[in-house]
Structures are given as structure tokens and as C-alpha cells.
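None of these values were measured; they are calculated from a predicted model.
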Amino acid sequence: MATLFTGIAELTTNADAAAPTATIADAALLVDEGRVAWVGAASDAETAVRARDSGLSPMPRPAAAVSQSEVEVTRVDLGGRAVIPGFVDSHTHLVFAGDRADEFEARMTGVPYAAGGIRRTVAATRAATDDELRARLAALVAELHAQGTTTFEVKTGYALTLDGEERLARLAAEVTDEVTYLGAHVVPEGAVREAYVDLVCDAMLAAVRPHVRWVDVFCERGAFTAAESERILRAGAASGLGVRVHGNQLSEGPGVQLAVRLGAASVDHCTHLTDADVADLAASDTVATLLPGVEFSTRQPYPDARRLLDAGVTVALASDCNPGSSFTSSMPLMIALAVREMGMTVGEAVWAATAGGARALRRSDVGHLGVGARADLVVLDAPSRRHLAYRPGVPLVHRVYRGGEVISPR
């Protein structure tokens, strides 16, 4: 089954390497078998359909299907709406229990943010049943879908015991292929530090390994030192996991340097950077993933995205959805904050929230609408992507497709 989408006032594909933030006006898009088969001007759409019928399109159908192709093409008129790729949220903490709204309220009155609040969520999560965690997770995934997120990562890190981390990894793997092992979130209360690091590197890693793709560590004051972080990340990499790092959130520190040295896919937060950090990121394949929801929720300074972009660093935006420092699942909000507070253009912010997130997950099949990509489309109730920043807080997502199928609204 193929679908031709027409009536697109503005199409963002992220597929032109020479002009990554460019758009196509008065566009159309052809989806076949869940993949993008053609994009271009609406005036060329019927020619593209005929090319598909004859087997001459970039993604020709099998010969046996050609005779039926005319009746298989469904046409959907989007009525002058804008279309962008599905958001790729490459940093979330969705498997948890409990509530920390009181911490947020306290921060708004001047109480500083500190990493220790994580232990409150750990206690609540340990006490929750599998079904309770699944229900919370399902609700948050529905929120993500409703706001245009079609690919997302989920971290463990709110159990901090061998069996508990395995449970969180297993539950996360029920909703995404992008699961990250974050046993190194903080040292749990009452644990002997060295013994806990041994556990994270050995038995706990072995327990979660069947369910996860990545290993991560919170390399920050109040969490893990540079030496501890490197040991943990090397253990994960030796087991075949990709590397991610929480770094440079609360102050300048070793996180970025460690991430670059180990070839991490992404270093996340990047709020406090030295010139050397920026230069090393620019010379590497490590993505700087910025999490403006954290700064919004903690009243810390926002990262300087303009500084990173001008230096040639690949930048992603993600929500860091978690109950303590950024309890939002809204990628449109991340775009609005990035434009308002971090020096990004709308085009740059949309790219960072889609293609940038895909780079942070080392994915080439999502985050763009080039030919062959998975057909993840966000249809906006607006004529242009500019409205994502121009109308912050307004529910502009009209419809969301993943692999060519509607996932929101249900």
C-alpha cells in the first residue's frame, strides 16, 4: 500500500546535505511500504506515482505488484499544513514512579538544584510493581506520540540494584529499541562506593545486557568521578554497548573530554564548556545533546547552542523527560526554548530535534524524510515549522505517522 500526501504548504526533509535546514514549498510526499519513496514539488507528484507504477521510481515495487499499483495508491490532502520528520528524543528517563513537584516549587523560590533528589525517585520506583511502572510508561509514551515524537531512547537508573536495573531495562525494551543502561546514575544511599562501581561494571551489566543498546554514566559532582566514569563506560563498551555520557551539566568538568576520548555517540547537557571542550567536540563524531527543559526547570543558565553550531559541532535537542529536573515530554517546547534562549534558528532547532537526535542514536533511518527513510511524519496545524517557536505551548501537532501508519491521534 502506498500513500501520496499532497497539500503540504511547507515540507522539511533534512535530506539535503548542502542545505540541511531547507524546506520545500507546495510539496508532496509518496510513502510506499512504510518508507519514503519520493519527495518533491506537488506539481510533480502524479509523475512520481506513474514512475512508481512502471517500476522506475527510486523505490520500485516488486513486479508482481505493479499491475495492482494504481488501486493501491491512497491520496491524502493535508490542506495546506506543514510537515516535518518525526522527532527523535535521544534522552529520556521514562521508567519511574513517584512525584517530585515539591522540588520544582522549591527551585522556583531559589533552592538550588542538586543531583541528590534522584534517590527519592529510586525509593518510589523500587516500591512500584511492574504493572504500575508499565502504566506510567504507557502514559508517557502516549504523550510523546501526541507531541510528534516517533523515536525515543529510555534510560534505566531509578533502581540501582542488580534485579531492579534489570527490571527497568526489560520494561523499557517493551516500548523502544533504544534502551540505555544507567546503573551509574548516583551511588545509592547506604552503598559502599567502590563496591557499587564494581557491581555496575560486572554483575549488573551482565543482567541488563540482553535488553540494552547503550551504556551511560552521570559524570558530575555528586555522582561519579572521571576515573569511575571511564571504568564504567569501558566495561559497557567491552560488552558491546554504545557509549553515552551525562556531562558538564552543573559545572565545567571531565565529561566532554571523556566522551570524545571514548568515541561516545553523544554527550548530554553540555551547559558549561571550555573552549577546549568545544574544539574537541567539533573535531569528533560525538554529538552535543542539549536539554533545555532542564534549564527551564532548574533555573540554571541555558547552553550556548550558537557557540557550538558556529564551531561546527553537531547538536541535538532532547527532552530529558524525568520527574526531577525536566518533567516534560514536549519536543516542541524544546524547539521553542532553543530558539528563544539558546541562539538557534527555527530550522536549526527542528534539525537538532529530528536529524540531530538520530545522529545521537547513530541512526540513519529516522530523523529525515529522504528517500528510503522510515516514513515518520509530523503534520502541523500551521503553514510553517516557524509556528513551533512562534506559538509556544499551543498543541500544533495535527497528526503523527510512524512508518506510514497513524500513531496519534488514536
*Over all heavy atoms of both residues, which pair between Gly357 and Ser90 is shortest? Give the atoms and the distance, please.*
O-CB, 3.8 Å
*Is there a donor-acceptor pair under 3.5 Å between the side chain of Arg35 and the backbone N or O of Gly372?*
yes
*Within a strict 4.5 Å, meaning less than it, do heavy atoms of the Glu103 and Arg120 side chains meet?*
yes
_Test log, rule side-chain contact (heavy atoms from CB on, under 4.5 Å), inputs Val346 and Leu388_ = CA-CA 8 Å; Val346 174; Leu388 290 167; 5.5 Å; no
*Hey, could you give me each pair passing salt bridge (charged side-chain N to carboxylate O under 4.0 Å, His left out) that has a residue in residues 331-347? Not counting sequence neighbours.*
none
*Could you give all pairs that pass the ring-ring contact (aromatic ring centres under 6.0 Å, His included) test and reach residues 119-143, with sequence neighbours left out?*
none
*Inspect the surroundings of CZ in Arg386 and state if more than 12 heavy atoms from other residues, nucleotides or ligands are less than 6.0 Å away.*
no
*Side-chain touch Lys155/Asn322, heavy atoms, less than 4.5 angstrom*: no
*Are the side chain of His211 and the backbone of Ala169 linked by a donor-acceptor contact shorter than 3.5 Å?*
no
*Quick one: salt bridge (charged side-chain N to carboxylate O under 4.0 Å, His left out) pairs with a partner in residues 237-253, sequence neighbours left out?*
none
*If we ignore angles and hydrogens, is there a donor and acceptor under 3.5 Å between the side chains of Asn14 and Thr354?*
yes
_Quick check: closest heavy atoms across Pro301 and Thr271, and the distance to 0.1 Å?_
O-CG2, 3.1 Å
*asked:* Quick check against the 3.5 Å criterion: does Glu165 have a side-chain atom that pairs as donor or acceptor with the backbone of Leu160?
replied: yes
*For residues Thr13 and Asp16, is any side-chain donor paired with an opposing acceptor at under 3.5 Å?*
no
*Rounded to the nearest 0.5 Å, how far apart are CH2 of Trp351 and CD of Glu348?*
10.5 Å
*Could you tell me whether the side chain of Gln147 and the main chain of Pro332 form a donor-acceptor pair under 3.5 Å?*
no
*Which residues pass the salt bridge (Lys or Arg N to Asp or Glu O under 4.0 Å) test with Arg126, sequence neighbours left out?*
none
*More than 12 non-hydrogen atoms from neighbouring residues, nucleotides or ligands closer than 6.0 Å to CZ on Arg385, yes or no?*
yes
*If we only count heavy atoms from C-beta on, is the Pro85 to Val366 side-chain gap below 4.5 Å?*
no
*Taking salt bridge (Lys or Arg N to Asp or Glu O under 4.0 Å) as the test, write out the residues that go with Asp381, two or more places apart.*
Arg81
*Closest contact, heavy atoms only, Ala349 versus Ala338*: CB-CB, 4.2 Å
*asked:* Could you walk me through whether Met331 and Met334 satisfy the side-chain contact (heavy atoms from CB on, under 4.5 Å) test, starting with their C-alpha distance in whole Å, then the side-chain angles of each, then the deciding distance to 0.1 Å, before giving a yes or no?
replied: CA-CA 5 Å; Met331 290 296 279; Met334 300 308 106; 4.1 Å; yes
*Counting only heavy atoms not in Arg261, do more than 12 sit closer than 6.0 Å to its CZ atom?*
yes
*Would you please classify the geometry between the His246 ring and the His93 ring as parallel, tilted or perpendicular, with 30° and 60° separating the classes?*
perpendicular
*With distance as the sole test, does Glu153 use its side chain to make a donor-acceptor pair with the main-chain N or O of Leu361 at under 3.5 Å?*
no
*asked:* Tell me the closest heavy-atom pair linking Ser229 and Leu258, and the distance in Å.
replied: CB-CD2, 3.6 Å
_Could you check whether any side-chain heavy atom of Ser329 comes within less than 4.5 Å of a side-chain heavy atom of Cys321, counting everything from C-beta outward?_
yes
*Is any side-chain heavy atom of Leu291 closer than 4.5 Å to a side-chain heavy atom of His269?*
yes
*So Arg209 and Leu241, side-chain contact (heavy atoms from CB on, under 4.5 Å) or not? Walk me through it.*
CA-CA 8 Å; Arg209 183 64 187 86; Leu241 299 179; 3.4 Å; yes
*Answer yes if the side chains of Ser251 and Arg221 hold a donor-acceptor pair under 3.5 Å, and no otherwise.*
yes
*asked:* Run Phe5 and Val31 through side-chain contact (heavy atoms from CB on, under 4.5 Å) and show every step you take.
replied: CA-CA 8 Å; Phe5 294 92; Val31 173; 3.7 Å; yes
*salt bridge (Lys or Arg N to Asp or Glu O under 4.0 Å) involving Arg234 - partner list, sequence neighbours excluded*: Glu230
Enumerate, atom names and distances included, each donor-acceptor pair closer than 3.5 Å involving a side-chain atom of residues 20-29, sequence neighbours excluded.
none

_Pairs meeting criterion salt bridge (charged side-chain N to carboxylate O under 4.0 Å, His left out) with involvement of residues 127-141, two or more places apart_ = Asp130-Arg167, Asp130-Arg170, Asp131-Arg134, Arg134-Glu174
_Can you list everything that forms a side chain to side chain donor-acceptor pair (under 3.5 Å) with Gln257? Sequence neighbours excluded, please._
Asp277, Asp280
*Side-chain donor or acceptor of Ser326 paired with backbone N/O of Ser319 under 3.5 Å*: yes
*Can you sort out the partners of Thr298 under side chain to side chain donor-acceptor pair (under 3.5 Å), two or more places apart, ordered by chain and number?*
Gln300
*Can you tell me how far the CG atom of Leu309 sits from the OG1 atom of Thr314, to the nearest 0.5 Å?*
9.0 Å
*asked:* Can you tell me if Asp177 has over 12 outside heavy atoms packed within less than 6.0 Å of its CG?
replied: no
*Could you tell me whether Arg75 and Glu46 make a salt bridge, using a distance below 4.0 angstrom between a side-chain N and a carboxylate O?*
yes
_Working note: Thr151 + Glu178, criterion side-chain hydrogen bond (donor to acceptor under 3.5 Å, both in side chains); need CA distance, chi angles, decisive distance, verdict._
CA-CA 8 Å; Thr151 302; Glu178 301 291 348; over 6 Å; no
*Side-chain contact, heavy-atom cut-off 4.5 Å: Leu133 with Thr125?*
yes
*Hey, are the side chains of Ile232 and Tyr181 touching, using non-hydrogen atoms and a 4.5 Å cut-off?*
no
*So, do Glu10 and Pro383 sit near enough that their side-chain heavy atoms are less than 4.5 Å apart?*
no
*Could you tell me whether Phe296 atom CZ has more than 12 heavy atoms of other residues or ligands within 6.0 Å of it?*
no
*Minimal non-hydrogen separation, Leu369 against Asp376, with atom names*: CD2-O, 3.4 Å
*Atom CZ of Arg213 and atom CZ of Arg362: how far apart are they, to the nearest 0.5 Å?*
9.0 Å
*Within the side chain of Thr156, is there an N or O that forms a donor-acceptor pair under 3.5 Å with the backbone of Leu182?*
yes
*Please report the closest heavy-atom contact between Ala184 and Val217, naming both atoms and the distance.*
CB-CG2, 3.4 Å
*For Asp310, check salt bridge (Lys or Arg N to Asp or Glu O under 4.0 Å) against everything at least two apart and list the hits.*
Arg306
*Please check if the side chain of Arg119 supplies one atom and the backbone of Val187 the other of a donor-acceptor pair under 3.5 Å.*
yes
*Measuring from Leu233:CG to Cys219:SG, what's the distance to the nearest 0.5 Å?*
8.0 Å
*Would you mind listing every salt bridge (charged side-chain N to carboxylate O under 4.0 Å, His left out) that reaches into residues 401-410, with sequence neighbours excluded?*
none
